[in-house]
**Q** 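Dropping the structure in here first, questions after.
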Amino acid sequence: MDPVQLIVVMAFDQGDAGELFPVGEPQQFETKERAIRTAKDLASKHAGVIAWSRDAKPDVGEYGPPEVLYTAGEVLELE
């Protein structure tokens with residue numbers, strides 16, 4: 001199977017002790033442009049937001065390195 005491109009946006013908020021935690025589930029998008037627009041919109045509402053993409057073959061568990069498309073505020077590191 002050919003690789004697919006995963007394009008994801010994640011938002012983060014801070015707890016009382018300053019720890020970051022994800023807000024809801026990551027959102028998946030069809031295009032990088034749409035993901036970046038959504039991330040920019042979320043940036044004013046959360047402590048941090050990141051939009052990223054990676055090539056993947058989920059059926060065999062192979063994932064390429066993440067490419068950060070947009071980031072604002074504080075976010076957790078990608079693995």
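Here the structure is a predicted model, which is why all the values come from computation and not from measurement.
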**Q** Heavy atoms, side chains only, cut-off 4.5 Å: are L69 and I7 in contact?
**A** yes
**Q** CD of Q28: more than 12 outside heavy atoms within 6.0 angstrom?
**A** yes
**Q** Do side-chain atoms of E19 reach the backbone of A17 as a donor and acceptor pair under 3.5 angstrom?
**A** yes
**Q** Would the distance check show the side chain of R54 and the main-chain N or O of G64 forming a donor-acceptor pair, the cut-off being under 3.5 Å?
**A** yes
**Q** Check whether any side-chain heavy atom of T71 lies under 4.5 Å from a side-chain heavy atom of W52, and answer yes or no.
**A** no
**Q** Could you measure the distance from the CD atom of Q5 to the CD atom of E67? Nearest 0.5 Å is fine.
**A** 7.5 Å
**Q** How far apart are the closest heavy atoms of G48 and V75, and which atoms are they?
**A** C-CG1, 3.9 Å
**Q** Which heavy atom of Q27 sits nearest a heavy atom of L42, and at what distance?
**A** NE2-CD1, 3.8 Å
**Q** Is F29 reachable from I36 through a run of hydrophobic residues whose side-chain heavy atoms are each under 4.5 Å from the next?
**A** yes
**Q** Linking I/L/V/M/F/W/Y whenever any side-chain heavy atoms sit under 4.5 Å apart, do V68 and M10 land together?
**A** yes
**Q** Are there over 12 heavy-atom neighbours, none belonging to E25, within less than 6.0 Å of that residue's CD?
**A** no
**Q** Using the rule given for side-chain contact (heavy atoms from CB on, under 4.5 Å), can you reason through I50 versus F12, listing the C-alpha separation, both sets of side-chain angles and the distance that settles it, and then say yes or no?
**A** CA-CA 9 Å; I50 187 167; F12 299 90; 4.0 Å; yes
**Q** Quick check: closest heavy atoms across K45 and D13, and the distance to 0.1 Å?
**A** O-OD1, 4.3 Å
**Q** For A43 and Y70, work out which heavy atoms get closest and say how close.
**A** CB-OH, 3.9 Å
**Q** Say whether L20 and V8 are linked into one hydrophobic cluster, either directly or through other cluster members, by side-chain heavy-atom distances under 4.5 angstrom.
**A** yes
**Q** Check Y63 against A56 and note the closest heavy-atom contact, atom names and distance.
**A** CD2-CB, 3.3 Å
**Q** For residues V9 and A35, report the shortest heavy-atom separation together with the two atoms involved.
**A** CG2-O, 3.4 Å
